[in-house]
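Below is one structure, written out as C-alpha cells; comments come after it.
First listed ligand is number 1; within each ligand, the first listed atom is number 1.
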Amino acid sequence: MTQRLENKVAIITGASRGVGAENAKLLAKHGAKVILTDISDEAQKVADEINHKYGQETALFIKQDVSCEQSWTDLIAHTKAQFGRLDILVNNAAILHHASITEEDFAGWQRIMKINADSVFLGTHAALPLIEASGGGSIINMSSTSAIMGMPHFVAYGASKAAVRGLTQSVAVYCAQKGNKVRCNTIHPDGIATPMAMEVGMDLARKGKVVADRERSMTYICAPQAIANTVLFLASDESSHVNGAAITVDNGATIAPPYLPNPTSAQ
Ligand SMILES: NC(=O)c1ccc[n+]([C@@H]2O[C@H](COP(=O)([O-])OP(=O)(O)OC[C@H]3O[C@@H](n4cnc5c(N)ncnc54)[C@H](O)[C@@H]3O)[C@@H](O)[C@H]2O)c1
C-alpha cells in the first residue's frame with residue numbers, strides 16, 4: 001500500500017522535543033525522509049529512534065540555529081545534495097517567555113521576534129525555490145492562538161506568532177498566483193502538553209503569577225500528537241486545496257465566550 005508521504009522529504013525545525021519530535025516521528029512513520037534540525041543536540045536521539053524503527057537513513061539530524069541566515073543556506077544546500085528534493089518544511093522551532101507590555105524590554109522583544117518570526121521568513125525564503133523545483137509541496141508554520149486573541153502576559157510571543165500568520169498569508173497567495181503547487185498554512189494551538197508549556201507554567205507559578213483558572217485552561221490543552229496529526233494532513237496531498245488556512249487546534253478556545261455559564265456543569 002502506498003504511504004501518505006511516500007517519496008517526500010521533510011525538514012522539521014525544533015525537533016529535539018515537544019511537537020517537533022512528534023512531527024518527525026509521525027511523518028517518518030508515513031513514509032517521509034525527515035531532516036530534524038534543532039539548536040540542541042538532543043534531536044540526534046530522536047533521529048536515532050526513528051532510524052531504529054523505520055530503517056537507517058530515514059532521519060537525519062542537522063544542528064541549526066533557525067534565526068541564523070547562513071544556517072538556512074547550508075541546510076537547503078545539504079538537503080539538495082543529499083536528497084535532491086524538498087517537499088515539506090515545518091517551521092516549528094520557537095521560544096516562549098511571559099512578559100506584559102510594561103514588563104517586556106526591547107532586548108526580550110527582539111529575541112522573541114528573531115527566533116519565532118525572523119526564522120520563519122528565513123526558512124521560507126531559503127526553502128521555497130527547492131520546494132518549487134521539486135514540483136510543489138507544503139510549508140507548515142506553527143503559530144498560536146495568541147496570534148488571534150489578546151494574551152496580555154505574552155506580548156512579544158503573540159506579536160511574533162501574528163507575524164508568522166501574516167507572512168503565511170502573503171506566501172500562500174504568492175504561490176497560488178504563481179501556480180507553483182506550493183501551499184503555506186498556519187496551525188494555531190492553544191496549550192500543548194510539551195516542555196515549553198510546562199516550563200512557562202512553572203515559571204509563572206514560581207513568580208506567583210498564576211493567571212488563569214487551571215481547570216478551565218486544561219480544557220484547551222492538547223497532546224503534541226494532536227498537532228502532529230494536523231501537520232501530517234497538511235504535509236500530505238490530501239490537503240492539496242488547503243492553502244493560506246489558519247487551522248485552530250484548540251478545542252474551541254478561540255470561540256468560547258468566557259462570560260457565559262457552562263450549561264453542562266452541575267448547578
Ligand atoms: N506548547 C504550547 O502550549 C504551544 C502553544 C501554541 C503554539 N506552540 C508552538 O508550537 C511549536 C512547538 O512548541 P513546543 O511546545 O513543542 O516547544 P518546545 O520548547 O518543547 O520545543 C521547541 C524546540 O525548539 C528548539 N529551539 C529553540 N530555539 C531554537 C533555535 N534558535 N534554533 C533551533 N531550534 C530552537 C528547542 O531546542 C526545542 O527543541 C512552537 O512554534 C510553539 O510556539 C506551542
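- Ring pair Tyr157/Phe154 is perpendicular by interplanar angle, where above 60° counts as perpendicular and below 30° as parallel.
- Taking a heavy-atom cut-off of under 4.0 Å, ligand 1 is surrounded by Gly14, Ser16, Arg17, Gly18, Val19, Asp38, Ile39, Gln64, Asp65, Val66, Asn92, Ala93, Ala94, Ile95, Ile115, Met142, Ser143, Ser144, Tyr157, Lys161, Pro189, Asp190, Gly191, Ile192, Thr194, Pro195, Met196, Ala197.
- For the salt bridge (charged side-chain N to carboxylate O under 4.0 Å, His left out) with Glu132, the lone residue among Arg183, Lys181, Arg85, Lys178 that qualifies is Lys178.
- For the pair Ser143 and Val164, the tightest heavy-atom approach, listed with the atom from each and the gap, is CB-CG1, 4.4 Å.
- Contact of the Thr248 side chain with the Ile148 side chain is registered, since non-hydrogen atoms from C-beta on lie closer than 4.5 Å.
- Heavy-atom minimum distance, Ile131 versus Val182: CG2-CG2, 4.0 Å.
- Atom CZ of Arg4 sits in a crowded spot, with more than 12 heavy atoms from other residues, nucleotides or ligands closer than 6.0 Å.
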